[in-house]
Every structure is written in C-alpha cells, then in structure tokens.
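Take a look at the structure below.
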Amino acid sequence: MPHKLKNVLARVPSDIEIAQSATPIPIDKIAAETGILPDELDLYGKSKAKVHLSVRDRLKDAPNGKYIVVTAISPTPLGEGKSTTTVGLSQAIGAYLGKKVFTCIRQPSQGPTFGIKGGAAGGGYSQIIPMEDFNLHLTGDIHAITAANNLLAAAIDTRMFHESGATDEQLYDRLTPRAKDGSRKFSPVMLRRLRKLGINKTNPDDLTPEERSRFARLDIDPATITWRRVTDTNDRMLRQITIGQGPEEKGFTRVTGYDISVASEIMAILALTTSLADMRERLGRMVIGTNKAGDAITADDVGLGGALTVLMKDTIMPNLMQTLEGTPAFVHAGPFGNIAHGNSSIVADQIALKLVGKNGYVLTESGFGADMGMEKFFNIKCRYSGLTPDCVVMVATIRALKTHGGGPKVVAGKPLDPVYTQENLELLEKGSSNLVKMIENAKKYGLPVVVGVNRFQYDTPAEVELVCKIAKQAGAVDAVMSNHWAEGGAGAVELGKAVIAACEKPGKFKFLYPLEGTSIKQKIETIVKEMYGGAGVEYSPEAEKKIALYTRFGFDKLPICMAKTQYSLSHDPNLKGAPTGFIVPVKDVRASVGAGFLFPLLGSIPTMPGLPTRPGYYDIDLDLETGRIVGLS
C-alpha cells in the first residue's frame, strides 16, 4: 500500500496545494493492509476512521515492533518541523525501505490553526492527509472533550448554588427522591461517594442524619476550585471572567476563566488512559478543589464520573489516517507540550506496535524539545503504558541553532534576518550547545540517539556538516541531513537507515526518578538540574502550600509534569543555548489526579492563547465553485 510520490516539484507548492493534489487511498484499504479487520473499524467518510481497542486484545500475544520517539531541540516560534520529520521518516521507512511502519501523532487544536502557528499535519511533501480534516474537526474528539469539561464546570457551580439555599435534609431528599411507590435508591456514582466516606449502606433510608449530611453537602470552597471552562479557540478575553451575573443566579457570582480545550485534564486523560474502564476511573477521580475542611472533592463526588465517560466513550478509539505516500497514521489526543505532557495517546502506540509486528517500526512524536515532551514521554507516558522505547530521533534545524547562538529574535509573520539566510559557522557552533544538551538529556534514559537535521533552503553544506559533526561528538550514534519537506520520503531515506540501525543497538531504558521514596520537591529539583541545567528551585508561598496539601492527600507519589516555556531549556525564554546556574521559580503546583501527574508552573504560563493582529484566519476561505478549503496552512 505505501507508494513513492510522483511529480515532486522543485518549487514546493503550499501545503494545502500538495495535500489536495493527492488522492487518498480509501481508509478501509489502508486498514486492511495494516491488519485491521472490518469489524474493528468505524468509518468516518472515505479517508478517516476510528479503530476499536479490540484489535489490541486480538493481537495481545503478537510481538511489538520497534518504538521510536521523535523529539527536538528548543524551537523558535516558527517550529522546527518535528511533525514534518516524523511523517517524512515514516514515508521513507515504509515507501522506500520496505518496512512496516506506523506514525502516531497528536491531533492539533483549532486555536493555533486559526491563530499564528497554523496546522500540524506536517508540511511540504511530508504530510498527513486529508490535511483539512486533520487540522479541523477530524472525528470530533476535541468537541467531546470540550462538552465533558464544561459539563463538569456547570455541575460544580450548580451544586454550590443549590447547596447555598438548602438544609442538609432538603439536599438529601432532592438527591435521592422517592419513586411513586415510595422507594428511593442511590445511583452507582452515589455509591462510589458513600464508599469513599466509609458509609457501607446501600438503602437511602438507612443513613443516619449525620451520614446524610456528610453525603449530601459537598461544601466546596470556591477559593480552591481549579476546574475552568474550555473552548477550542484562542480567546484572550476569556482568560478571566465573572460568572453568575444573571438575575436568576441571586448574586451567586464567582471569578473564573477559560482555558483552551487541549489544556483540559480530560485531554490528558484521553492521552494516558489504557482502557474504557481505566478512563472511567481516571475521570471520576479528577480533583476540582477542596471542601472548607480541606478535603479533596472529585468529579465522582459531584456525580459526574459516569456521565463524563458516556461523553468520552468514542474518543478512546484512535483515528486512522494516512501520509502522502500511503503509510498508516494514528492521529489521537492532543495535549499541549508546555502546559500538559504533550504526547499522543498510549492506546494508539500500543495498537500500532502490535500491527507492525516484530520487524516493524512505530514513530511517536513528543511535543516541543527534549527537555519537555521527551522528558514527559519517558517519565509519564512510558510509566503508564509499560512500553519500552528503542531509539530517540532528535530533530535540529540550523535556523534554531543560530538563535541559540545569539541570533536575532525570530518572529512569526516577519522576514528572517539575513543571519539566518547566510552561512555563519561561528554563530551556529555557539548555538549548538542546545543540541549537545538535548542529546545529553536523551542519553540519560539509556537509549541511542539519532540526530535528524531538518534541511531548510538557506542551509549550506558546511553548516549541515558542522551540526552533524558536533552531534556525533556529543554522543549521537548518527547524525543525518533530511530533506523530506522538499522530497517526501525520498529525502529521509538516509535518516531512515540510521534509525533502523540505531534500533538494533543495545539500550537499557531507565526513568529519571523513582515515584516511591522521593518527595514532590525532589522530583521537581531532579528535572531542573538534570534536564534543564539549573542550579536550584525557588518556591512561592502558594507552591509551598500546595506541595504540603498534595503530600497530605498522598499525591506525592505521582510523576511531575513541568509547565514552562518551550523556547529555552530554562524557565526564561530569553535564556538561549544551554544556560547553567539559574534558579527556577515555581509559582504554583496543580494536581491532575485523574491524568496522574502534578504540574508545577514555572513562571507565567498562559493556558488560553491569544490572537495576533493578523491571525491565520484571514487566509482561510472556501472556494464556492469546487467546495475546497483554501488558505489553510
């Protein structure tokens, strides 16, 4: 089914022109070729489908393929082509080297698609298609996450509203109303709350007044609520809002705000869950705040765990698509890499590894640099998946390395400074310190590293040669220039060969820190010193308070998911290269207990992006004669 591209143009057209010039293979044929049975597939049109988790169960005894994580150096705001490299490498391994291969990649948010960055289907002759479906609604997973997240937000405020005007007995009677025959019963989610409270009764009439009060009144402290509403649009005006201003809400107002949908903990749960039963448990144990006595309040306490699972039940199935050269791809889940763990789903990787088999390869992309998405891939995703990776592919660009060497700031939408379009070996060598540190980071996990130099049109042979030389001296098993953007899989064949060879090298995967026997602060400080090169950590009073609270709740055994800038190894986006000796400020620490991690906030990290003066949506339109989308990037 994989096929080599024909009619590759020397002058590369726009991404959407290339994507629309291709004729996708019917997705049921792609599925059959990979070994997916017809009853394991739910078609969403001719070019995309959802794959049932039953395929993983059917192939449970089959050997896994080689597992490769694709990461990068610290990027510029333009991005360094990590997704493009992942796709191009897949096309090379499948269409040119004749190996079974699967690409696992995140679904993008519509915020960046209509904002600055554009879509995330890859680019040039290395793309997931149809790129319009990929970058827009796909199969509706993000919409389901938005609905589930906002249902919980509505339930929290509604519960506080109703509790404010009722006695304990009134609340209890409203929560357990009598049927026409005078009987009443607890719903399954209510029985979960009773067990949590240590009340081993199943008949509502058997509870004592004290037990009824404990069950019915959540007594949520509004000041502790961490759950916010979401929308999949960059809307800065929703970062802080006041709710409850209508006359029917009787003055019950509260200051809250919106995050972008992919920042929701529910998105992180989708990416980290391993089964529908596991998803149900994770959704139910999400902590939304505490009561006035300081006890954690969960989604199950609010009564929502089951309903959230109903809204999310179809999202757990990975979305099957294809690359321009016919290799299969799973597009599933899309947590941000700076404010979440930044990796596609565990279930997609698990299914893909079974489908390619012993001699096949699965490429999974992690968000931003090796200090962020890769670190979280190893310490969070691999802990919950139980999967062991075989190789790291480190994407580097000469443009980004020059910025780390002190080059002028790269700004989206503005022309590049001449320093980036002319040879400058001195600046490049200085900036390569960032690449050296990232290779060092990857090697700490016991895996071979291959550096892929993503070629841009202004790169000179001497610059490429210098980067490859420095990468090998830093410990990469190989370093190869890749021209997949301009040539498709043909431009990534040498990178593909290097990756295949690296997967045969011995590796001994290990985590950066243990979960047991290390405190929250010890985990944070290990990441800061080992991954970032920092000298230490400074905690705000709020962070100290949260660390003490989460330790009391037993959350100190969870892994850490740092929320920080992607543009530097440090917390400060202006510190380029490989800085050392800096102190990292931890502003706050929040708990994503359902997802299964704590996330410290290093400085000010917005969870709702804004739009620029000239967003990407100015270029996006519909050709009314052909029905085709134009201007999407």
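In this structure, CD1 on Ile629 lies 8.5 Å from CD1 on Ile620, to the nearest 0.5 angstrom. With values rounded to the nearest 0.5 angstrom, Ser385 atom OG is found 12.0 Å from Ile380 atom CD1.
Using a 4.5 Å cut-off on side-chain heavy atoms (C-beta onward), Arg280 and Asp300 make contact. Contact annotation: the side chain of Leu304 never approaches that of Val189 to less than 4.5 Å [non-hydrogen atoms, C-beta and beyond]. Taking 4.5 Å as the limit, some side-chain heavy atom of Arg58 sits within range of a side-chain heavy atom of Glu40. When side chains are defined from C-beta on, Leu270 counts as touching Met279, because their heavy atoms get closer than 4.5 Å. Between Asp39 and His52, every side-chain heavy-atom pair lies at or beyond the 4.5 Å cut-off. Looking at heavy atoms from C-beta onward, Phe102 lies out of side-chain contact with Leu363 at the 4.5 angstrom threshold. With a 4.5 Å cut-off on side-chain heavy atoms, Val362 and Ile68 do not count as touching. Here the side chains of Leu191 and Thr202 are in contact, with some heavy-atom distance below 4.5 Å.
Residues forming a ring pair (Phe, Tyr, Trp, His ring centres under 6.0 Å) with His137 (at least two apart in sequence, or on another chain): His143. By the ring pair (Phe, Tyr, Trp, His ring centres under 6.0 Å) test, Phe553 pairs with Phe555, sequence neighbours left out.
Using a 4.0 Å cut-off between a side-chain N of Lys or Arg and a carboxylate O of Asp or Glu, Lys48 and Asp133 qualify as a salt bridge.
Remark: side-chain polar atoms of Gln322 are paired, donor with acceptor, to backbone N or O of Ile25 under 3.5 angstrom. The closest donor-acceptor contact from the side chain of Lys50 to the backbone of Tyr44 lies at 3.5 Å or more, if one exists at all. Between the side chain of Asp301 and the main chain of Ile297, no donor-acceptor pair closer than 3.5 Å is present. Looking only at distances, a side-chain donor or acceptor of Asn135 sits under 3.5 Å from a matching main-chain atom of Ala120. A side-chain donor-acceptor contact under 3.5 Å links Glu265 to the backbone of Ala595. Ser126 contributes no side-chain N or O that, together with a main-chain N or O of Gly123, makes up a donor-acceptor pair within less than 3.5 Å. A donor-acceptor distance shorter than 3.5 angstrom exists from the side chain of Asn454 to the backbone of Glu80, with no hydrogens or angles considered. The main-chain N or O of Thr226 is never found under 3.5 Å from a side-chain atom of Arg590 such that the two would form a donor-acceptor pair. Under a 3.5 Å cut-off, the side chain of Lys376 and the backbone N or O of Met562 do form a donor-acceptor pair.
Residues in residues 343-385 take part in these ring pair (Phe, Tyr, Trp, His ring centres under 6.0 Å) pairs, two or more places apart or across chains: Tyr67-Phe377, Phe378-Tyr445, Phe378-Phe509. Legend: salt bridge (charged side-chain N to carboxylate O under 4.0 Å, His left out) pairs involving residues 95-113, not counting sequence neighbours: none detected. A salt bridge (charged side-chain N to carboxylate O under 4.0 Å, His left out) check over residues 226-235, counting only residues at least two apart or in different chains, returns the pairs Asp157-Arg229, Arg228-Asp259.
Counted by atom type alone, Ser14 and Glu17 present one or more donor-acceptor pairs between their side chains at under 3.5 Å. With hydrogens and angles left out, the side-chain atoms of Asn149 and Thr146 include no donor and acceptor closer than 3.5 Å. Under 3.5 Å, the side chains of Asn343 and Ser366 contain no donor-acceptor pair of N or O atoms. For Glu365 and Ser83, the side-chain atoms include at least one donor-acceptor pair closer than 3.5 Å.
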- Show your working on side chain to side chain donor-acceptor pair (under 3.5 Å) between Asp349 and Thr364 and close with a plain yes or no. CA-CA 7 Å; Asp349 290 2; Thr364 189; 3.3 Å; yes
- Could you walk me through whether His484 and Thr84 pass the side chain to side chain donor-acceptor pair (under 3.5 Å) check? CA-CA 8 Å; His484 46 275; Thr84 307; 5.7 Å; no
- Message: As a quick check of understanding, evaluate side chain to side chain donor-acceptor pair (under 3.5 Å) for Asp141 and Asn319, giving each step before the final call.
- Response: CA-CA 9 Å; Asp141 291 349; Asn319 304 299; 2.9 Å; yes
May I have the list of side-chain donor-acceptor pairs in residues 323-330 shorter than 3.5 Å, sequence neighbours left out?
residue, atom, partner, partner atom, Å
Thr323, OG1, Glu325, N, 3.3
Thr323, OG1, Gly326, N, 3.4
Thr323, OG1, Thr327, N, 3.1
Thr323, OG1, Thr327, OG1, 2.7
Glu325, OE1, Gln91, NE2, 2.7
Glu325, OE1, Gly489, N, 2.6
Glu325, OE2, Leu5, N, 2.9
Glu325, OE2, Tyr96, OH, 3.3
Thr327, OG1, Ser90, OG, 3.2

